[in-house]
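The shown structure was predicted, so the numbers you read here are calculated from the model rather than taken from an experiment. Chain naming here is simple, since letters A, B, ... match the order of the sequence lines and numbering starts at 1 in each.
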Number of protein chains: 2
Amino acid sequence: MKSLFTTPESKKKAILLGIRKALLDMGSATKAELSEKLGISFPTASKFLSQMEKAGEVVAMGLDHSSGGRRAHRYRYNPEHMLGLAVFLEKTETAYTIFNCLGEVKEQGTMASVLSENSLESFTHLLEGLIEKHPKINSMSIGVPGAVNQGNVIYIPGYRQFQNKDIKGYYEERFSIPVVVENDMNAAVLGYTITNKMIDNPSLVYLCFGQNGPGSGILINGDVVRGSTFFTGEVSFVPQYDHHNFLQALQNEGQPIDAISRLIASFTAILNPHRILFSQEEMTSAMLRDIQKRSSVYVPGEHLPELALSDWKRDYLNGLQSLGLELMISIHL
Amino acid sequence: MKSLFTTPESKKKAILLGIRKALLDMGSATKAELSEKLGISFPTASKFLSQMEKAGEVVAMGLDHSSGGRRAHRYRYNPEHMLGLAVFLEKTETAYTIFNCLGEVKEQGTMASVLSENSLESFTHLLEGLIEKHPKINSMSIGVPGAVNQGNVIYIPGYRQFQNKDIKGYYEERFSIPVVVENDMNAAVLGYTITNKMIDNPSLVYLCFGQNGPGSGILINGDVVRGSTFFTGEVSFVPQYDHHNFLQALQNEGQPIDAISRLIASFTAILNPHRILFSQEEMTSAMLRDIQKRSSVYVPGEHLPELALSDWKRDYLNGLQSLGLELMISIHL
DNA sequence: AGGACTTATTAAAGGCGTTTAATAAGTTTT
DNA sequence: AAAACTTATTAAACGCCTTTAATAAGTCCT
């Protein structure tokens with residue numbers, strides 16, 4: 001049923017996880033600050049922190065300046081304690097990044113797209129090499145341009161070798177580290193919230209027109225929307241005109257602005273999100289202004305979301321990294 | 001920041017809440033069953049249950065049949081221990097229900113709509129009378145046809161006396177019991193999930209065409225969607241044809257079926273919900289079949305949600321009751 | 001009907017975080 | 001420079017849930 005943090009073991013885990021998150025979030029902290037922030041007693045914070053320091057997971061930074069009394073020791077998370085591997089599989093290339101707990105990139109590279117091959121072999125080989133080279137890699141995040149259900153790639157048009165494969169299970173077994181697999185648009189919208197601090201649990205939409213036709217990633221109340229058949233965000237199919245849906249309108253009409261504005265209006269009337277994001281490679285702020293204006297023809301302007309540009313690839317990568325980081329700090333109970 | 005159930009007090013609360021929920025959910029239970037289900041030790045379950053029995057909150061039902069050893073005592077929640085009051089304010093009438101923890105109705109009635117009056121006075125008077133008559137009333141749920149933000153009615157077209165009033169705060173102060181205020185469509189969609197056990201955290205949409213124009217309540221991953229300006233679900237504005245949005249299409253065209261089907265298609269392409277509900281007073285299953293068929297013109301049939309009829313008023317009431325119940329069992333720490 | 005076996009309940013012991021008191025290490029005042 | 005005051009850290013006592021052992025209350029087999 002519910003966890004009901006009551007067994008001593010799960011309590012311990014919760015505290016440890018809390019300390020890790022707080023330390024990464026705040027950059028550094030004293031024992032008193034952690035105790036305060038997490039609502040745990042000082043002696044408990046002290047005990048955990050000492051253990052973590054002994055294990056090399058946190059390091060002392062020296063003494064704080066005094067605020068009138070004895071100076072407090074300040075600690076920070078050791079970012080190199082664990083590393084994460086993020087890989088994204090795009091049509092045109094396969095790129096990877098190795099990052100530490102602070103999100104700093106330790107190594108990155110690209111190779112020809114593994115999607116165009118017939119098997120997973122060369123992909124597995126790449127991963128194998130990277131993990132051997134960096135034994136501190138403790139999590140793996142894989143982004144794919146297709147529908148994902150709990151680590152299973154259930155629909156990825158054009159790439160048979162991935163279809164219906166339990167990628168997460170396979171690589172977790174193989175490498176004995178936790179793996180997360182996520183759809184590209186979902187990862188991107190998640191990644192955007194990491195770097196752009198918004199209100200808590202925002203609702204937002206990432207809208208792209210990419211190579212494989214338009215698609216979107218949707219976050220509602222801070223959660224990724226997946227839908228019953230993982231069809232969420234397939235905005236191509238939204239009926240917009242007497243005889244055209246969104247995809248057709250984009251392709252055939254002379255007026256993509258109106259089609260996009262109608263889509264914004266639909267999103268607004270249905271979800272009323274806080275913000276809608278576009279890739280800055282596909283859109284300009286001038287066009288955004290036109291869209292904003294045009295959208296208010298369909299929906300009262302005060303309810304329209306902010307329309308904003310962002311760096312899709314960076315957001316995507318950040319999303320994968322944050323998923324991997326979450327995984328990393330949730331293990332080693 | 002986070003709660004991190006670590007202080008003894010909050011732990012106690014969590015256990016108590018868990019026992020209440022489990023007992024109401026299961027109907028009755030033995031100490032061993034509770035201990036198992038909640039992941040708490042037997043002695044703890046025993047201790048809490050004894051206290052609750054002493055307080056009259058649970059009652060012993062006698063001994064279970066033996067399964068080969070000593071017979072266990074079976075307990076159930078005392079449904080009359082607390083009562084809840086649910087009120088809904090509709091354009092045409094104001095109705096109230098007094099219910100116990102099992103959702104059984106103890107008393108109900110209606111009066112002329114308080115929305116048509118100029119002040120809250122007669123509404124307050126009604127509540128006052130009911131609470132005096134039933135001193136065991138321990139929570140109040142109020143449903144309104146307007147936008148609600150944390151107990152504040154922020155937009156309710158036509159009813160000035162409610163606009164921008166902190167209804168929750170006002171009545172909590174006045175009656176010293178917890179109050180929840182919710183929009184009618186949101187309450188209905190919530191209520192539907194109570195009586196129709198679906199998968200956990202479903203995504204579903206309740207679509208009505210009511211007196212005040214069409215509106216919908218949307219649940220994503222089990223959460224009510226509220227939106228940035230509480231405009232969520234205002235589907236009237238969805239652009240659907242060259243020159244008509246959903247509302248206009250419903251009013252002017254000879255083909256409401258197509259308009260509704262297009263809306264279903266939009267919901268599917270954007271949210272891909274598990275199910276879409278209609279009021280059985282506004283829709284027939286024959287029409288639903290037509291809509292289903294027509295929708296698949298716009299979106300691949302396998303991704304379409306189930307279309308179902310339900311009793312809107314009952315769902316609405318159930319939603320309010322469940323909100324009130326949640327409130328009740330979350331207090332008296 | 002009495003022993004052997006099951007299962008529920010109660011009692012005692014242990015673990016772990018919290019609270020409270022004591023000590024250490026600074027700063028500011030006189 | 002020492003007293004007075006602040007704040008951090010450590011130590012001891014406590015509370016509460018858990019684990020383990022002991023007891024109570026049945027059932028089933030012979």
| message | As a test of reading the structure: which of C/dT18, D/dC16, C/dT10 is closest to the side chain of B/Ser46, going by heavy atoms? | response | C/dT10
| query | B/His65 has an atom NE2; how far is it from atom P of C/dT7, in whole Å? | reply | 17 Å
Extract all donor-acceptor atom pairs below 3.5 Å that involve side chains of residues 188-198 of chain A and protein atoms in other chains or at least two apart in sequence.
unit_1: A/Tyr192; atom_1: OH; unit_2: A/Arg275; atom_2: NH1; d: 2.7
unit_1: A/Thr193; atom_1: OG1; unit_2: A/Leu190; atom_2: O; d: 2.6
unit_1: A/Thr195; atom_1: OG1; unit_2: A/Gly191; atom_2: O; d: 3.4

| request: Would you classify A/Thr30 as touching base, sugar-phosphate or nothing, given that sugar-phosphate means primed atoms plus P, OP1 and OP2, and contacts are heavy atoms under 4.0 Å? | output: nothing
| field | B/Glu104 atom CD, neighbour heavy-atom count above 12 within 6.0 Å | value | yes
| message | Between C1' on C/dT18 and CZ on A/Phe48, what's the gap in Å once rounded to a whole number? | response | 13 Å
| Non-neighbouring partners of B/Asp223 that pass salt bridge (Lys or Arg N to Asp or Glu O under 4.0 Å), sequence neighbours left out | none
| field | Length of the CD-C1' vector between B/Glu36 and C/dT7, whole Å | value | 14 Å
| said: Looking only at the side chain of B/Lys12 (C-beta and beyond, no hydrogens), which of the listed nucleotides D/dT18, D/dC17, D/dT9 gets closest? | reply: D/dC17
| request: Send over the distance from B/Leu34 CG to C/dT9 C1', rounded to a whole Å. | output: 15 Å
| note | With sugar-phosphate taken as primed atoms, P, OP1 and OP2 and all else as base, the protein-contact string of nucleotides 20-26 of chain C at under 4.0 Å (heavy atoms; B, S, -) is ----BBB
| query | C/dC16 C1' sits how many Å from A/Leu16 CG, rounded? | reply | 15 Å
| remark: Applying salt bridge (Lys or Arg N to Asp or Glu O under 4.0 Å) to A/Lys54 and not counting sequence neighbours gives none
| Residue mapping more 5' on DNA chain D - nearest nucleotide basis, A/Phe42 or A/Ser67 | A/Ser67
| said: Heavy atoms only, 4.0 Å cut-off, all strands: where does B/Ala72 land among base, sugar-phosphate and nothing? | reply: sugar-phosphate
| query | Any sub-3.5 Å donor-acceptor pair from A/Asn78's side-chain atoms to A/Gly56's backbone N or O? | reply | yes
| said: The criterion is side chain to side chain donor-acceptor pair (under 3.5 Å); which residues satisfy it with B/Lys168, sequence neighbours excluded? | reply: B/Glu172
| task | Find the distance B/Gln51:CD to D/dC16:P and express it as a whole number of Å. | result | 10 Å
| field | Nucleotide C/dT10, atom C1' - distance to CG of B/Leu49 in whole Å | value | 15 Å
| query | Out of D/dC17, D/dT9, C/dT9, which has the shortest distance to the side chain of B/Thr44? | reply | D/dC17
| message | Looking at B/Lys11, I'd like to know whether one of its side-chain N or O atoms comes within less than 4.0 Å of OP1 or OP2 on D/dC16. | response | no
| query | Taking NE2 from A/His73 and C1' from D/dT9, how many angstroms apart are they, rounded to a whole number? | reply | 9 Å
Side-chain donor-acceptor distances from residues 46-53 of chain A under 3.5 Å, at least two apart:
unit_1: A/Ser46; atom_1: OG; unit_2: A/Lys31; atom_2: NZ; d: 3.2
unit_1: A/Ser50; atom_1: OG; unit_2: A/Ser46; atom_2: O; d: 2.7

